[in-house]
S.K.: 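Got a structure for you, written out below as structure tokens; questions coming shortly.
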Number of protein chains: 2
Amino acid sequence: MSPAIIKAWRLEDLIARLAQRPLGGLVLPVQGGGPEGLDAFFKARSVAVIGASARPGKIGHEILRNLALYEYKGRVYPINPRAEEILGLKCYKSILDVPDDVDLAVIAIASEATPKVVEECGRKGVKAIVIVSGGFKELGGRYKDVEEEVVRIARRYGMRIIGPNCIGVFDGGTRIDTFFQSRERMLRPPKGPIAFMTQSGTFGCTMLEWAAEAGLGISKFVSYGNRCDVDEADLIRYFGQDPETRVIAIYLEGLSDGRKFMEAAREVAPKKPIVVLKAGRTEAGSRAALSHTGWLAGEAAIYEAAFRQCGVIQARNFEELFDMAKALALQPPARGRRVAMVTNGAGPCVMAADACVERGLELASYTPKTLGELKEKLPSYCIPGNPVDLTGSATSADYEVAMRALLKDPNVDLLMPFFVFQDTPLDEGIIDVVADIRAYGKPIVCCAAGGPYTRKQARRLEGLGIPVYPIPERAVAAAYALVAYGEIRARLGGS
Amino acid sequence: MSPAIIKAWRLEDLIARLAQRPLGGLVLPVQGGGPEGLDAFFKARSVAVIGASARPGKIGHEILRNLALYEYKGRVYPINPRAEEILGLKCYKSILDVPDDVDLAVIAIASEATPKVVEECGRKGVKAIVIVSGGFKELGGRYKDVEEEVVRIARRYGMRIIGPNCIGVFDGGTRIDTFFQSRERMLRPPKGPIAFMTQSGTFGCTMLEWAAEAGLGISKFVSYGNRCDVDEADLIRYFGQDPETRVIAIYLEGLSDGRKFMEAAREVAPKKPIVVLKAGRTEAGSRAALSHTGWLAGEAAIYEAAFRQCGVIQARNFEELFDMAKALALQPPARGRRVAMVTNGAGPCVMAADACVERGLELASYTPKTLGELKEKLPSYCIPGNPVDLTGSATSADYEVAMRALLKDPNVDLLMPFFVFQDTPLDEGIIDVVADIRAYGKPIVCCAAGGPYTRKQARRLEGLGIPVYPIPERAVAAAYALVAYGEIRARLGGS
């Protein structure tokens with residue numbers, strides 16, 4: 001089936017195709033599915049760590065340590081039948097022995113022992129469970145049966161589960177986290193507008209640290225691994241309602257329920273941008289995904305067409321997922337596809353022009369008024385095309401002339417300034433110039449690459465809400481996301 | 001014309017096609033072309049800066065400052081008719097007034113004034129000239145005539161020119177540099193095995209700083225801008241003979257002489273890997289290139305087929321050019337296409353499997369002996385496939401078992417370890433383990449992404465000569481370069 005034909009299918013047919021595929025999911029009826037009951041994962045006032053260990057380096061130790069010793073303000077209860085006290089906290093033999101209510105249980109014990117403690121969680125009145133341990137469906141056979149049993153028990157008690165085989169949850173506000181990655185090894189990001197869900201804990205770690213280093217805030221984070229209960233659709237709806245979330249970013253290997261996902265995405269996309277990285281495009285990738293989290297990846301073209309129709313923006317790799325989420329968090333959507341470039345070094349603009357064409361963006365043709373203004377006000381050696389090449393002699397005053405002229409031009413939908421901050425003629429005033437031109441209200445995406453000085457300048461721009469990318473292809477991908485979201489809103493009727 | 005048909009053309013036909021295209025180059029006969037006379041650019045014992053300025057921030061000031069105040073040990077002569085002294089150096093009205101021999105002249109004055117000073121350089125016996133200034137062919141019309149005049153004068157005196165419209169040269173050994181980027185704004189890399197030539201000065205700045213921060217050494221660097229005399233082919237032959245250069249990396253917009261380039265590449269590629277990033281793949285990109293350095297970019301498919309036949313490895317973007325050069329500088333070429341992955345977090349391996357397939361690499365199928373060893377020696381929750389998934393509980397001992405088994409396997413040509421360094425169970429011993437397995441002699445390319453701790457570990461691995469990349473697609477691109485160079489050597493008969 002050719003991708004072009006698939007693209008022309010109706011959403012209903014695409015969803016039907018996704019539903020027919022052997023996706024390897026559990027076939028339990030979904031009871032209590034939906035975004036309900038997810039608050040307990042992020043706002044739990046008390047957490048029990050089942051499988052807490054006194055041995056540093058052990059997963060059950062590190063989870064307890066991160067919850068007990070850092071920013072989380074709730075009560076924390078270690079559960080371990082063979083310890084009296086861990087990290088100065090009284091240890092309980094079973095969660096049933098804990099004297100207070102427990103909202104959230106984090107489980108890090110051998111998979112075979114899990115059904116028993118989940119049953120105890122149910123009897124205790126726990127609302128939400130994160131199962132960090134692996135050794136479930138991804139191993140197949142009897143391990144898959146254990147996973148199904150755990151889900152059955154949880155549903156009987158109305159508990160929700162994230163995992164198993166994951167690193168769990170993080171909330172930028174309450175600072176709850178269920179990670180076994182120590183603070184020394186993994187930064188936590190500040191609170192902010194991006195919600196991120198990921199089937200891969202590894203990509204989760206990367207995303208959290210990239211966000212922390214970029215000063216980019218995370219509202220809520222979920223690594224859901226085998227996804228035995230809470231799924232992407234539940235989370236999309238939950239994040240869709242979450243006042244702290246403005247952008248939803250997703251790393252996905254395969255879906256359990258294509259219809260549910262697409263319906264949730266279609267509902268939320270007009271309100272908040274959704275960016276997805278879908279792995280397992282090839283057969284080899286799909287096989288790797290199956291042994292990773294037990295899910296078969298579907299056909300790339302079907303997914304792509306369905307995502308498009310539901311208003312989901314697709315990233316091509318993990319950097320792009322991060323880059324697009326950053327742009328959508330910081331900048332308004334574009335009202336059209338016409339990009340204007342300005343630079344003090346034109347090499348990257350050649351690559352950017354190629355990338356724009358390949359992404360379906362257009363290089364803006366300026367009005368005669370703009371061209372006249374550029375020719376009149378810029379030094380004679382500047383080239384007033386697209387890009388406007390200010391050359392290595394450019395000062396912040398030259399940039400100001402060019403950027404104001406371009407942003408005023410009705411033929412320009414998005415401004416893409418390139419900066420060679422290494423070029424000494426470019427004075428420090430450039431930061432204030434960029435701060436001022438935000439007032440035009442058109443989206444701005446920058447490109448600059450280099451060492452410490454360039455990074456310092458880029459961070460200053462990002463502090464102003466202007467995203468900066470190191471290579472032209474990444475800047476263009478970010479611009480594409482802003483253009484795509486503008487079109488999605490126009491098509492699906494967003495506010 | 002379909003790319004598949006073009007791919008099947010003979011090299012001679014491809015070159016003929018390149019030669020027929022209106023490439024916009026100068027039509028002067030090449031006299032004294034070739035790699036001869038290029039030593040003076042990198043080993044000059046004395047340099048004159050024509051257009052030296054007393055004003056900080058001016059291009060003519062910064063070039064002088066970089067040459068006079070830092071690592072370069074030769075004599076430096078500022079030339080400026082209106083100054084007595086700059087930065088404590090006696091200033092001369094003309095290069096003819098300098099009392100000693102001058103090997104290299106760096107010119108940073110208005111283009112119209114250039115022919116006169118080039119004539120004076122000739123009379124003075126200067127061997128090599130870097131023209132940093134723009135305002136030549138890239139502006140067209142009479143500016144193009146000025147460029148042709150300058151070349152005519154230089155050829156009469158047997159002088160070689162790099163530029164105009166460039167940032168010039170850097171030598172990792174003699175520490176000569178003609179940059180107008182201050183040390184405060186742009187790092188200089190250490191001496192090392194990579195020679196880099198670039199039509200874009202901007203990409204040059206980025207490459208130099210990325211290399212400096214990665215601790216990756218540069219033998220020689222050339223930003224050649226409009227390329228009025230010394231061209232890529234001259235530089236390929238020169239770097240091919242240079243004992244300090246092991247890898248040649250090139251950023252290219254368009255060629256002046258396709259035949260000369262391809263012949264030089266075909267000659268040098270069996271001895272040293274050549275990696276090229278060719279910009280201007282699309283018509284819009286080509287237009288941007290034309291106004292940038294005055295060259296029309298040729299048809300992508302013709303270039304691609306010609307590069308392939310000449311043994312040139314093609315990068316898709318600037319990060320990839322850097323990533324591939326790093327891998328080729330640090331690791332041996334691969335003897336086949338079969339990649340083995342090992343990880344403590346499998347998400348990135350799903351993306352890597354996709355990327356391998358798209359690059360024509362294969363996921364290795366292990367021998368029964370290897371599989372037996374993995375099953376016997378690894379903990380039961382590990383998944384001994386490709387990737388070998390050691391899970392988040394992995395220790396350095398688990399990695400050692402897996403990596404030794406894979407490297408011993410005759411079905412494995414290249415090892416790709418993924419590390420989630422954030423995962424606390426992964427102990428510090430991992431660095432020594434990787435150091436030891438280098439002895440197997442097979443290429444190793446790693447993937448790890450995160451914050452400060454991950455970067456520290458990655459730097460330690462790179463200190464051992466093992467390249468590390470942040471996302472799977474970049475690791476796979478690096479692996480592809482090692483596989484491609486293995487095949488190029490086998491095909492073209494390298495040593």
Side-chain angles (χ1 to χ4, degrees), chain A residues 57 59 62 134-135 180-182 184-187 199-203 205-206 209 212-213 251 253 279-282 284-285 288-289 291-292 317-319 345-351 353-354 356-358 363 381 383 385 387 389 391-393 420-425 449-451 453 471 473, chain B residues 57 59 62 134-135 180-182 184-187 199-203 205-206 209 212-213 251 253 279-282 284-285 288-289 291-292 317-319 345-351 353-354 356-358 363 381 383 385 387 389 391-393 420-425 449-451 453 471 473:
Chain A
I59 284 176
E62 301 298 329
F180 60 90
Q181 289 78 15
S182 70
E184 293 79 14
R185 291 195 175 196
M186 186 173 89
L187 305 173
Q199 204 153 1
S200 154
T202 302
F203 278 133
C205 294
T206 303
E209 292 210 276
E213 294 207 308
Y251 168 79
E253 292 177 357
R281 292 188 300 274
T282 64
S291 77
H292 178 213
N317 62 48
F318 196 72
E319 267 173 354
C349 300
V350 180
M351 299 299 298
D354 282 340
C356 279
V357 170
E358 286 161 2
L363 299 190
Y381 50 77
I383 303 172
D389 187 356
T391 83
S393 301
V420 188
F421 285 119
Q422 294 95 334
D423 282 4
T424 316
Y453 179 75
I471 62 166
E473 289 79 4
Chain B
I59 284 174
E62 301 297 332
F180 59 91
Q181 289 77 16
S182 69
E184 293 79 13
R185 291 195 176 197
M186 187 173 87
L187 305 173
Q199 204 153 1
S200 154
T202 302
F203 278 133
C205 295
T206 302
E209 292 209 279
E213 294 207 308
Y251 168 79
E253 290 176 359
R281 292 187 301 273
T282 64
S291 78
H292 178 213
N317 64 47
F318 197 72
E319 268 173 351
C349 299
V350 180
M351 299 298 298
D354 282 340
C356 279
V357 170
E358 285 159 4
L363 300 190
Y381 50 78
I383 303 172
D389 186 356
T391 83
S393 301
V420 189
F421 285 120
Q422 294 94 334
D423 283 2
T424 315
Y453 178 75
I471 61 167
E473 289 78 5

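Residue numbering restarts at 1 for every chain, and letters A, B, ... go by the order of the sequence lines.
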S.K.: Highest number of heavy-atom pairs under 4.5 Å with chain B: which of A/E473, A/E209, A/E358?
M.R.: A/E209
S.K.: Could you tell me which portion of A/S182 (side chain, backbone, both or neither) has an atom closer than 4.5 angstrom to a non-hydrogen atom of chain B?
M.R.: both
S.K.: Please state whether the side chain, the backbone, both or neither of A/F421 comes within less than 4.5 Å of a heavy atom of chain B.
M.R.: backbone
S.K.: Where do A/Y251 and B/G347 come nearest, in terms of heavy atoms and distance?
M.R.: OH-O, 3.4 Å
S.K.: Check B/G345 against B/D389 and note the closest heavy-atom contact, atom names and distance.
M.R.: N-OD1, 4.4 Å
S.K.: For A/A212, is it the side chain, the backbone, both or neither that has a heavy atom under 4.5 Å from a heavy atom of chain B?
M.R.: neither
S.K.: Counting heavy-atom pairs under 4.5 Å with chain B, which one of A/G134, A/C356, A/G57 comes out on top?
M.R.: A/G57
S.K.: Going by heavy atoms in the side chains, are B/P425 and A/F180 under 4.5 Å from each other?
M.R.: yes
S.K.: Mind ranking B/G385, B/G392, B/G135 by heavy-atom pairs under 4.5 Å with chain A and telling me who comes out on top?
M.R.: B/G392
S.K.: Is B/E319 close to chain A through its backbone or its side chain, or both, or neither, when contacts mean heavy atoms under 4.5 Å?
M.R.: both
S.K.: What's the separation between atom CD in B/E184 and atom CG in B/L187, rounded to the nearest 0.5 Å?
M.R.: 11.0 Å
S.K.: Return the option, out of A/V420, A/I471, A/T206, with the maximum number of heavy-atom pairs under 4.5 Å with chain B.
M.R.: A/I471
S.K.: So does B/M186 get a backbone contact from the side chain of B/Q181, meaning a donor-acceptor N/O pair under 3.5 Å?
M.R.: no
S.K.: CZ/A/R185 to CD/A/E62 distance, rounded to the nearest 0.5 angstrom?
M.R.: 8.5 Å
